[in-house]
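Take a look at the structure below.
Heads up: numbering here begins at 1 and tracks the sequence.
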Amino acid sequence: MHELPPWLDLTGRRALVIGIANDHSIAYGCAQMLTALGADLGVTYLNAKAEPHVRPLAEALGASLIAPLDVEVPGQLEAVFDQVRTQWGRLDFLLHAIAFAPRDCLHERVLDCQWSNFQRAMDVSCHSFVRAARQAEPLMDRGGAIVTLSYYGAEKAVPEYKVMGPVKAALESFVRYLALELAQRKVRVYAVSPGPIRTRAAGGIPGFEALVEHALDRAPLRRLALSEEVGRVVAVLAADAAGGMTGNTIHVDAGYHTVG
């Protein structure tokens, strides 16, 4: 077996993955690739109901840190990073792969979205990324990388994506500003934007199958991207190979964004 080149080798790096729901999750594909490059893995699960679906996956990947995390529960985010601090002492990579909007927002016009629903969508899908980055910053004293997941609806008005479009647009803007602010600490920040992928979260988007059909019809590669393909890009961003990049939104969508 060939050794990894040093600019891809994550041996000894500590990587925390937030957002695995099951084995179809994009975050799970990312976790697989991070461990394939040698990273020591930490994984969170949403709650007791989700734990039986996530813990076996994390254990199979050899995760040395497994913890509950619901960003809407006060103190849980801080508790996870306290565990990282106690158990690992530092953090090299963080993947934020969570998004949520109340069902009403996903079935109505953006024009009709109530403030309370919009606020909750922004808190879970967007501001939790900033909160996680704030917790990660002091643990990345040797530098590191932070990645979140976005979608093409952040850039263009995609009718089926509803309020998540503006929310993801804000998320991508945060990526650019955090990249600017964390650069002096040698912490790089990215958004990765997959095309439509059939995950549990995607199933909650009305008209998701229409998004899939449109992508299949328009994407230059005439297919959907795979979770493991997203994972490979995320793993490269965690490595020194991406040392000359920060603030980018990187599309892994079979080329859909070029013609969509």
Side-chain angles (χ1 to χ4, degrees), residues 4-20 25-45 54 57-58 61-67 69 71 77-78 80-98 128-150 171-172 174-176 178-179 181-194 227-250 252:
L4 289 170
W7 40 269
L8 270 183
D9 193 354
L10 296 179
T11 302
R13 309 274 181 99
R14 273 66 186 270
L16 178 63
V17 175
I18 297 172
I20 297 177
S25 298
I26 296 172
Y28 177 59
C30 295
Q32 289 178 301
M33 297 306 158
L34 289 164
T35 55
L37 295 187
D40 190 3
L41 189 66
V43 168
T44 69
Y45 55 89
V54 179
L57 300 176
L61 290 175
S64 62
L65 188 156
I66 306 173
L69 176 57
V71 295
L77 183 68
E78 293 78 6
V80 168
F81 283 91
D82 284 344
Q83 186 172 341
V84 170
R85 185 177 296 106
T86 300
Q87 188 168 326
W88 285 349
R90 73 173 200 278
L91 186 65
D92 301 291
F93 178 75
L94 170 65
L95 174 64
H96 171 276
I98 57 175
S128 67
F129 171 64
V130 182
R131 291 162 51 205
R134 186 186 307 134
Q135 292 291 319
E137 179 186 9
L139 295 168
M140 292 184 167
D141 56 342
R142 306 179 189 180
I146 301 173
V147 173
T148 190
L149 298 182
S150 188
L171 181 67
E172 290 188 8
F174 270 128
V175 164
R176 293 186 288 272
L178 294 185
E181 295 179 352
L182 294 176
Q184 62 184 347
R185 300 196 62 130
K186 298 183 180 179
V187 175
R188 297 169 282 113
V189 187
Y190 312 94
V192 171
S193 184
S227 292
E228 53 265 38
E229 291 174 325
V230 179
R232 289 177 199 140
V233 171
V234 168
V236 168
L237 294 176
D240 293 342
M245 302 164 55
T246 193
N248 311 69
T249 294
I250 300 155
V252 187

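Annotation for Tyr190 and Gly247: closest pair CD2-N, 4.5 Å, computed over non-hydrogen atoms. Contact detail for Glu172 and Ala191: the closest heavy-atom pair is CG-CB, 4.4 Å. The heavy-atom pair separating Ala15 from Leu34 by the smallest distance is CB-CD1, 4.2 Å. For Ile98 against Ser128, the heavy-atom pair with the smallest separation is CD1-OG, 3.6 Å. Taking all atoms of both residues into account, the shortest heavy-atom contact from Leu37 to Ala235 is CD1-CB, 3.7 Å. Ala31 and Ile20 make their closest contact through CB-CD1, 3.9 Å (heavy atoms, listed as atom of the first residue, atom of the second, distance).
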Would you check, one step at a time, whether the test side chain to side chain contact (heavy atoms under 4.5 Å, CB included) holds for Asp9 with Asp240?
-> CA-CA 8 Å; Asp9 193 354; Asp240 293 342; over 6 Å; no
Show, in sequence, the C-alpha distance, side-chain angles and deciding distance for Leu65 and Gln83, and conclude whether the side chain to side chain contact (heavy atoms under 4.5 Å, CB included) test is met. CA-CA 8 Å; Leu65 188 156; Gln83 186 172 341; 3.6 Å; yes
Let's go through Thr148 and Phe174 carefully: what are the C-alpha distance in whole Å and the side-chain angles of both, what is the deciding distance for side chain to side chain contact (heavy atoms under 4.5 Å, CB included) to 0.1 Å, and is it a yes or a no?
CA-CA 10 Å; Thr148 190; Phe174 270 128; over 6 Å; no
Worksheet entry | Asp40 vs Trp88, side chain to side chain contact (heavy atoms under 4.5 Å, CB included): CA-CA, chis, key distance, verdict | CA-CA 10 Å; Asp40 190 3; Trp88 285 349; 3.6 Å; yes
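Put simply, the side chain of Pro194 reaches to within 4.5 Å of the side chain of Ile26, judged on heavy atoms. A heavy-atom distance below 4.5 Å is found between the side chains of Met245 and Leu237. Using a 4.5 Å cut-off on side-chain heavy atoms (C-beta onward), Thr44 and Leu16 make contact.
A donor-acceptor distance shorter than 3.5 angstrom exists from the side chain of Thr246 to the backbone of Val189, with no hydrogens or angles considered. The backbone N or O of Ser64 sits less than 3.5 Å from a side-chain atom of Gln87, completing a donor-acceptor pair. Checked by atom type and distance alone, the side chain of Arg13 never pairs as donor or acceptor with a backbone atom of Ala239 at under 3.5 Å. When atom types are taken as modelled, the side chain of Tyr28 and the backbone of Ser227 share no donor-acceptor pair closer than 3.5 angstrom. Counting only distance, with no hydrogens or angles, the side chain of Asn248 and the backbone of Ile250 share no donor-acceptor pair below 3.5 Å.
Considering CG of Leu61 and CG of Leu41, their distance stands at 6.0 Å, rounded to 0.5 Å. Interatomic distance, CZ of Arg131 versus CZ of Phe81, reported as 10.5 Å (0.5 Å rounding). Note that CZ of Phe129 and CG of Leu95 are 9.5 Å apart. Values are rounded to the nearest 0.5 Å. In this structure, the separation between CG on Leu91 and CG on Asp141 is 10.0 Å, given to the nearest 0.5 Å. Put simply, CD on Glu228 and SG on Cys30 are 10.5 Å apart, with the number rounded to the nearest 0.5 Å.
Classification of Asp92 and Arg14 as a salt-bridged pair fails, no side-chain N sitting under 4.0 Å from a carboxylate O.
When each of His96, Met140, Glu137 is paired with Ile146, the side chain to side chain contact (heavy atoms under 4.5 Å, CB included) condition holds for Met140 and for no other. Among the candidates Leu94, Val233, Val175, Val192, the single residue satisfying the side chain to side chain contact (heavy atoms under 4.5 Å, CB included) test with Val147 is Val192.
The local environment of CZ in Arg85 is crowded, with over 12 non-hydrogen atoms from other residues, nucleotides or ligands closer than 6.0 Å.
Contacts of Trp7 classified as side-chain hydrogen bond (donor to acceptor under 3.5 Å, both in side chains), with partners at least two apart in sequence or in another chain: none.
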